[in-house]
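What follows is a set of notes on a single structure, which appears directly below.
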Amino acid sequence: MSDLISKAKSTVLTVKPYVPGKPIDEVKRELGLQNVIKLASNENPYPPSPKVLKALQEALPSVNRYPNGDCHTLREELSKFLNVKPAQLIFGNGSDELIVLAVRLFVREGDEVIIAQPSFLVYDIASKIAGADIVSVPLKDFHYDLDAMQEAVTPRTRIIFLGNPDNPAGTYLTQRAVEEFLAGVPRDVLVFIDEAYFEYVQAEDYVDSLGLLDRYPNLIVSRTFSKMYGLAGLRVGYAVGGEELCGLFNRIREPFNVNSMAQAAAVACLQDQAYYRDIARQVEEQRRYLYIELTRLNLEYRETYTNFIMVKVSRDAKEMTGHLMRLGVIVRDMSFWGMNNYIRVSIGTAEENRTFVAALEKII
Ligand SMILES: *Cc1c(COP(=O)(O)O)cnc(C)c1O
C-alpha cells in the first residue's frame, strides 16, 4: 500500500464494493450477443410516460443552470400528493442517498445499527463506512423477525433499517407488526423504513407508515422514483418524517443533490398517475404469469409483493446466473447475499419474461 492509501479510514477497508447488476451493453460486448435482456436490478422495463418525456425535453435547455436546491416544485406537488407538510420531505440523489445521510447524521464509530440479514446492501455499506457495529438479525423464513430486532436494541443502537417490502426477500410488514415494533423501540433510535417498492404492494394489512409519523418522531420513511416510476437513471428519491428530523437531513445534504432533469421528471410522474397505475397492473399480471410458469417447471419460488421474484434453483446460483447470461438473460446471483441456491429475477415485460422462461427451460 502506498503512503496515501494506507491513510484511508480503516472503516473503508472493511467494505466490499457494491456489485450492481451487469449493464446490458457490457454483457453484449463481453459475450458477443445481439439480444440481451436485464432482469437484475428491479427496474421498470417500460419507457417513461409521454408526459414525462415532454417534461424532460422542456427542462433540457436549462441544464446550464443549477437545479432548484430545495426541489421547490417537486416538494409542493409531492406534499399535496402525500398530504404531508412540505417541510416533512427530504429529497435525495436516489433514496440510496437518504440511507447514507441517515447514517451520517446518527452513527458514530462503535455505535450499533440493526439490519436484517439478508437485506439491501446499501444499509450495510453505509453503516460500515461510518464505523458502526452491524447487528445482523437473520430473516425467519424470508420474513423480518421483528421480535429479535427489538431484542437486539441496546443503548448503543442508533438506527434500525426495515425494508418494507424487503429486498431481496420480497415480503412485507403489516400495520400491526410495525405498530407493535415501534411501540417497543426507544424514542432515541431512528427507525428507517425503506418503501422503495410500496407502490407494488396489494395487501389490505400493509402498513400505512405515513400515518404513524405523528406518533413516532423517530420514524422516517423513504421512497423512490427509481422503481415503479422508472426513473432509476435520473436518481431521485425522498423521505418523509417529522419536520425537525427533516431539518437535520437538510443541514447535511449537498446543496444541489437532486438534478434538474430528475426534478422535472418526478413532477411529471406524479401528474400522470393513470400511466403508472397501468404499469403496476402489468407487473401484477406478469407476476402471475411467472408463478404459473415456474410451477410448471417445478421450480420453487417465494411469493412476492414487489417487481422481483426469488427463485430457488437446484444447482449453484452462480452457475445458473452464468448459464442464463450466456443465453442473453441477466438475473441476480444471490450467493453474494449468502443464498447459494437462489436467483432474483426482476419482472420484465411480457416478452422479456417469456424469454427468461424459455432460457430457464433450456437450462434445467
Ligand atoms: C432499489 C432500491 C432502493 C432505491 O434506490 P434508489 O437510490 O432510490 O434508486 C432503495 N431500497 C431498496 C431496498 C431497493 O431495492
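All ligand and atom numbering here is 1-based and tracks the order in the structure. All figures in this text were calculated on a predicted structure; none of them were measured in a lab.
- For ligand 1, the atoms closer than 4.0 angstrom to any heavy atom of N167 are 13 (C), 14 (C), 15 (O).
- Ligand 1 has at least one atom lying under 4.0 Å from a heavy atom of S226.
- Annotation: atom 12 (C) of ligand 1 to nearest protein heavy atom, D194 OD2, 3.4 Å.
- Taking a cut-off of under 4.0 Å to the non-hydrogen atoms of G94, the atoms of ligand 1 that pass are 6 (P), 7 (O), 8 (O).
- The two residues Q175 and L212 have their closest heavy-atom pair at NE2-CD2, 4.0 Å.
- Ion pairing between K128 and D124 holds under the 4.0 Å rule for side-chain N and carboxylate O.
- Shortest contact from atom 2 (C) of ligand 1 to any protein heavy atom: K227 NZ, 2.4 Å.
- Here the protein heavy atom with the shortest distance to atom 7 (O) of ligand 1 is R235 NH2, 2.7 Å.
- Both the backbone and the side chain of D96 come within contact range of ligand 1, each with a heavy atom under 4.0 Å.
- Considering both main-chain and side-chain atoms, Y123 never comes within under 3.5 Å of ligand 1 through any nitrogen or oxygen pair.
- Considering all non-hydrogen atoms of both residues, I363 and R315 come closest at O-NH2, 3.0 Å.
- Listed by chain and residue number, R158 satisfy the salt bridge (Lys or Arg N to Asp or Glu O under 4.0 Å) test with D188 (two or more places apart in sequence, or in another chain).
- Nearest non-hydrogen protein atom to atom 4 (C) of ligand 1 is S95 OG, 3.2 Å.
- A salt bridge does not link D25 to K28: none of the charged side-chain nitrogens sits closer than 4.0 Å to a carboxylate oxygen.
- The side chain to side chain donor-acceptor pair (under 3.5 Å) test applied to S222 returns no partner, not counting sequence neighbours.
- Shown in contact with A196 at under 4.0 Å from a heavy atom are these atoms of ligand 1, numbered in order with element: 2 (C), 3 (C), 10 (C), 11 (N), 12 (C), 14 (C).
- Contact annotation for Y197 and ligand 1: only side-chain heavy atoms (C-beta onward) come within less than 4.0 Å of the ligand.
- With Y305 as reference, Y172 is the one residue of F198, Y200, Y172 to meet the ring pair (Phe, Tyr, Trp, His ring centres under 6.0 Å) rule.
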